[in-house]
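Presented below is the structure to which this report refers.
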Amino acid sequence: MQSSLHIKNLTLYQQGQLLLKLNEQVNGGDILTIMGPSGSGKSSLLNWLTGTLGNDFSAKGEVCLNGQNINNLPAHLRHIGVLYQDALLFSHLTVAGNIAFAMPKGEKKQRKQKIEQALEQVGLAGLGERHPDNLSGGQQARVALLRMLLSDPKAILLDEPFSKLDTQLRVDTRKLVFDLIREYKLPAIMVTHDINDAEAAQGKIITLQSQDHLKGNS
Ligand code: ADP
Ligand code: MG
């Protein structure tokens, strides 16, 4: 069965004011792009999907992952992987330790092998015992990517994941992330300000409206 992330009739409110409405299905291997000005609700949408929406917000609607309603599941049981603009690696753990932290339990040797293979796949062969602080920004981004992928997610959310990388690194990292999303056939939603990211994703683009008129400062 093809995997899918289905957002059914979502209405999201911040302090009782309408923030956004959305009704979308993303199939495995597809990347839905969300654009829109700062404050339009992009991160809040992702927080709703992961089950981490703040107290200021309320929502109506359903989210189904592979046909299962996950609305009432806590964040750690939703199996949704998120990648942010900062790698957010633990500096007291090694590269391998960071990746292992998020992996499902299993036999130690097999886990180690899986990590080594994954590091090799993204050009980081042999760096497992290093500490993240000694890696370049691009290398850290790839470790964060592997940590997310090896946690065995059923869907992937990307919140401006490439915005801190400079041009060539950005293009390369983006290609790597998109290739892996397609290889694993996972549904993905990407928030970005960069039209080049949106075009590279080759999927539908939704632009959220500015909410400045709600702020009473016009
Ligand atoms: P975007 O990611 O598109 O910049 P956000 O989803 O972060 O937008 O913000 C949507 C609205 O919610 C904005 O008005 C913002 O000020 C507000 N907001 C964001 N985070 C919080 C929070 N933790 N508590 C209260 N309000 C928030
Ligand atoms: Mg945001």
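Order of listing sets the numbers, starting from 1, for every ligand and every atom in it. The residues of the chain are indexed from 1 along the displayed sequence. A quick note: this is a predicted structure, and the numbers were derived from the prediction, not measured.
Ligand 1 places these atoms under 4.0 Å from at least one heavy atom of Ser43: 1 (P), 2 (O), 6 (O), 7 (O). Close contacts of ligand 1 with Lys42, meaning ligand atoms under 4.0 Å from a residue heavy atom, involve 1 (P), 2 (O), 3 (O), 4 (O), 6 (O), 8 (O). Within ligand 1, the atoms closer than 4.0 Å to a non-hydrogen atom of Asp56 are 25 (C), 26 (N), numbered from 1 in the order shown. Near Ser38, with a cut-off below 4.0 Å to any heavy atom, the atoms of ligand 1 are 4 (O). Heavy-atom proximity to Pro37, at under 4.0 Å, picks out these atoms of ligand 1: 3 (O).
Residues Lys112 and Ile115 fail the side-chain proximity criterion, which asks for heavy atoms closer than 4.5 Å. Annotation: side chain of Arg170 is in contact with side chain of Ser163 (closest heavy-atom distance under 4.5 Å). Two residues are said to be in side-chain contact when any heavy atoms from C-beta on lie closer than 4.5 Å; Leu49 and Arg78 fail this criterion.
Within the set Gly39, Ser44, Gly36, the minimum heavy-atom distance to atom 1 (P) of ligand 1 is found for Gly39.
Not one N or O of Leu19 is nearer than 3.5 Å to an N or O of ligand 1, by distance alone.
Under a 4.0 Å heavy-atom criterion, Gly54 is not in contact with ligand 1.
Asn27 and Gln25 share a side-chain donor-acceptor pair at under 3.5 Å.
Looking at Asp86 and Lys164, a side-chain N of the basic residue comes within less than 4.0 Å of a carboxylate O on the acidic one, giving a salt bridge.
Of the candidates Leu89, Leu149, Leu93, Val143, Val143 is the only one forming a side chain to side chain contact (heavy atoms under 4.5 Å, CB included) with Ile99. Of the candidates Ile189, Leu22, Leu20, Ile206 forms a side chain to side chain contact (heavy atoms under 4.5 Å, CB included) with just one, namely Leu22.
Residue contact annotation: Ser44 places no N/O/S atom under 2.8 Å from the Mg ion (ligand 2).
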